[in-house]
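To start, the structure under review is shown below, and the notes come after it.
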Amino acid sequence: MAILPPTAANIERARAQLTAGGLVAMPTETVYGLAARAVDSDAVAAIYATKQRPQFNPLICHVADLAMAQAHGVFNPTAQKLAQHFWPGALTLVVPRRADTPICTLVSAGLDTLALRMPSHQVAQQLIAACDSPLAAPSANPSGRLSPTRADHVAAMLPEIDVLEGGACEIGLESTIIGCFDTAPLLLREGGIARHDIEAVLGEKLQELPEHGEATAKRAPGRLARHYAPRASLRLNQSAEAAQRDDCLLIGFGADAPDTAAANLSPTGDLVEAASQLFNVLHRLDDQAMRQGQSLAIMPIPEQGLGAAINDRLRRAAEPA
Ligand code: TXA
Ligand code: MG
C-alpha cells in the first residue's frame, strides 16, 4: 500500500496495524521481514497466506533482547553464549519452546522448537519495543522468490503491504541459523555471519544435517522449500565467454570480471560487499532479463567466509522450477 518513512508517527501507525492483527513489512539489517505479532495466530496465518508459504516451514520470531527471547525459548549455555556474542545481529537461534510461551504454535509449524533473533536495525528494534511482543517475520517475499533488501523490492512483490522504510539492508543476506539442543550445535542455514566466526566463539565445530531425510525435515524444514529464485533462469560458475556466447546477462565478481558484465558484486573481490549486493543485483537484473527475454549467468564465487552463504543461495536460485 505505502512505503512509510520511519517517523514516530509511522512506527505508531505500524504498531496499531499489528495490534489490530494486520501485517507490516519492516527493515532489518539482513533482509526486509513481513511482520505479525507472534502471539496472534490469525495474523500469523495471514503471513503464510500472503507469502503462499508451505505451512510446514516455520517462522523466525524477532525479539527486543535476550530476556524477551528467554521468556519464550529455553537457552542452553551454547545458545546463551551465542546470543551474548552476536546479538543484536544476523544470527538466529533455534531452541526448545518453553511450555508456557504464548507464541502460537503455527509460528513453529507444529515443531517443539522456536527460532529467535534480536535484529540490530533501529527501525525493527523500535517496532518490537512499541509492540512489546515478539514479531514473527519471514523475509517479505512471496515464497520461493528473491528476498527483499530494499523497501521498493517489497512494494513490487507484495503491493498490498505497508513497508517501513529502512534503507538498503546492510548485510543483505538472511541470518545464519544455529540449532541449540542437547546435542552439539547444528548449522541449519548459512547466512550473514560466517560459520568460522561462530566456531571461533564456541571453540568447537558446528555440526550439519544431510540435505534430505527425517532429521532434516524436523530440524531444518526450510531446506525442503525451493528458495531465492529469480524468474529468469540462472547459470552458475560461468565464464565471460560462455555468457556472451549464450546471450546471458553476466553478474561479475572481482577484478577479473569483464567490462561487458551487467553488474559486479564486488570489483575488489570483497565477499561482505558481494553479500550485501547479491539480492539487489538479482532483483534488478531479473527485471531486465525478463524484459529482454534473456537468462542470467554468474561468475564463480569463492567458498570462503560469506561466500558459503552466497553460494548456498545461488545453488537454490539456479535449481529448475
Ligand atoms: O535474516 C533473516 O533471518 C530474515 C529476517 C527478516 O529476520 N528472516 C528470514 O525468514 O530469512 P525466512 O522465513 O525467510 O527464513 C526462516 C528460516 C526458514 O528456513 C525456516 O525453516 C527456519 O528459518 N526456521 C524457523 N523456525 C524454525 C525452527 N523452529 N526450526 C528450524 N528452522 C526454523
Ligand atoms: Mg525467506
Side-chain angles (χ1 to χ4, degrees), residues 23-36 38 44 47-48 50-63 72-74 79 86-97 101 103-121 123-125 127-128 134-149 153-154 157-158 163-164 166 169-181 186-193 209 215-229 275 279 309 312-313 316-317:
L23 308 183
V24 173
M26 66 172 178
T28 83
E29 68 280 18
T30 58
V31 301
Y32 278 71
L34 179 63
V44 170
I47 291 181
Y48 283 90
T50 302
K51 279 184 63 96
Q52 296 188 300
R53 181 181 179 101
Q55 295 226 354
F56 63 78
N57 195 7
L59 309 177
I60 295 172
C61 290
H62 298 73
V63 293
H72 302 283
V74 182
F86 290 105
W87 282 4
L91 184 74
T92 295
L93 298 169
V94 179
V95 301
R97 282 174 71 103
T101 175
I103 289 178
C104 64
T105 53
L106 187 54
V107 163
S108 305
L111 301 178
D112 54 5
T113 55
L114 207 49
L116 294 156
R117 176 165 102 81
M118 176 186 176
S120 66
H121 198 293
V123 177
Q125 287 202 356
L127 190 60
I128 299 164
L135 295 179
S139 53
N141 51 279
S143 198
R145 295 277 302 277
L146 296 170
S147 295
T149 55
H153 296 158
V154 182
M157 292 188 291
L158 299 175
V163 193
L164 282 169
C169 298
E170 193 183 332
I171 294 178
L173 276 183
E174 299 86 346
S175 58
T176 303
I177 305 182
I178 306 291
C180 298
F181 313 112
L186 283 172
L187 178 62
L188 299 178
R189 177 175 76 180
E190 306 260 14
I193 295 179
L209 293 168
T216 305
K218 179 163 173 245
R219 289 303 188 202
R223 298 252 186 99
L224 305 177
R226 184 174 136 86
H227 259 131
Y228 319 113
F279 285 127
D312 168 73
R313 304 303 186 270
R316 292 168 197 275

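Note that the numbering runs from 1 along the sequence shown for the chain. For ligands, and for the atoms within them, numbers begin at 1 and follow the listed sequence.
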(request) Apply salt bridge (Lys or Arg N to Asp or Glu O under 4.0 Å) to R313 and E174, showing your working. (result) CA-CA 10 Å; R313 304 303 186 270; E174 299 86 346; 2.8 Å; yes

(message) Checking side-chain polar atoms at under 3.5 Å, does T113 have a donor or acceptor matched by the opposite partner on R219?
(response) no

(request) Mind listing the closest non-hydrogen atom pair of P221 and P58 along with its distance? (result) CG-CD, 3.3 Å

Quick one: ligand 1 N/O to protein N/O pairs below 3.5 Å?
residue: ligand 1; atom: 1 (O); partner: T30; partner atom: OG1; Å: 2.6
residue: ligand 1; atom: 1 (O); partner: S175; partner atom: N; Å: 2.7
residue: ligand 1; atom: 1 (O); partner: S175; partner atom: OG; Å: 3.4
residue: ligand 1; atom: 3 (O); partner: S175; partner atom: N; Å: 3.4
residue: ligand 1; atom: 3 (O); partner: S175; partner atom: OG; Å: 2.6
residue: ligand 1; atom: 3 (O); partner: R189; partner atom: NH2; Å: 2.9
residue: ligand 1; atom: 7 (O); partner: H62; partner atom: NE2; Å: 2.6
residue: ligand 1; atom: 7 (O); partner: R117; partner atom: NE; Å: 3.2
residue: ligand 1; atom: 7 (O); partner: R117; partner atom: NH2; Å: 3.1
residue: ligand 1; atom: 10 (O); partner: S139; partner atom: N; Å: 3.4
residue: ligand 1; atom: 11 (O); partner: R189; partner atom: NH1; Å: 3.2
residue: ligand 1; atom: 11 (O); partner: R189; partner atom: NH2; Å: 3.3
residue: ligand 1; atom: 13 (O); partner: R53; partner atom: NH1; Å: 3.0
residue: ligand 1; atom: 13 (O); partner: R53; partner atom: NH2; Å: 2.9
residue: ligand 1; atom: 14 (O); partner: S139; partner atom: N; Å: 3.3
residue: ligand 1; atom: 14 (O); partner: S139; partner atom: OG; Å: 2.9
residue: ligand 1; atom: 15 (O); partner: R189; partner atom: NH1; Å: 3.1
residue: ligand 1; atom: 21 (O); partner: N57; partner atom: OD1; Å: 2.5
residue: ligand 1; atom: 21 (O); partner: G222; partner atom: N; Å: 3.1
residue: ligand 1; atom: 29 (N); partner: T113; partner atom: OG1; Å: 3.0

(message) Pair H121, E170 - check side chain to side chain contact (heavy atoms under 4.5 Å, CB included), show working.
(response) CA-CA 9 Å; H121 198 293; E170 193 183 332; over 6 Å; no

(request) Return yes when at least one N/O/S atom of S139 is nearer than 2.8 Å to the Mg ion (ligand 2), and no when none is. (result) yes

(request) Output the distance between atom SG (C61) and atom CG (L114), rounded to the nearest 0.5 Å. (result) 5.0 Å

(message) Check R117 with E29, please: is the shortest side-chain N to carboxylate O separation under 4.0 Å?
(response) yes

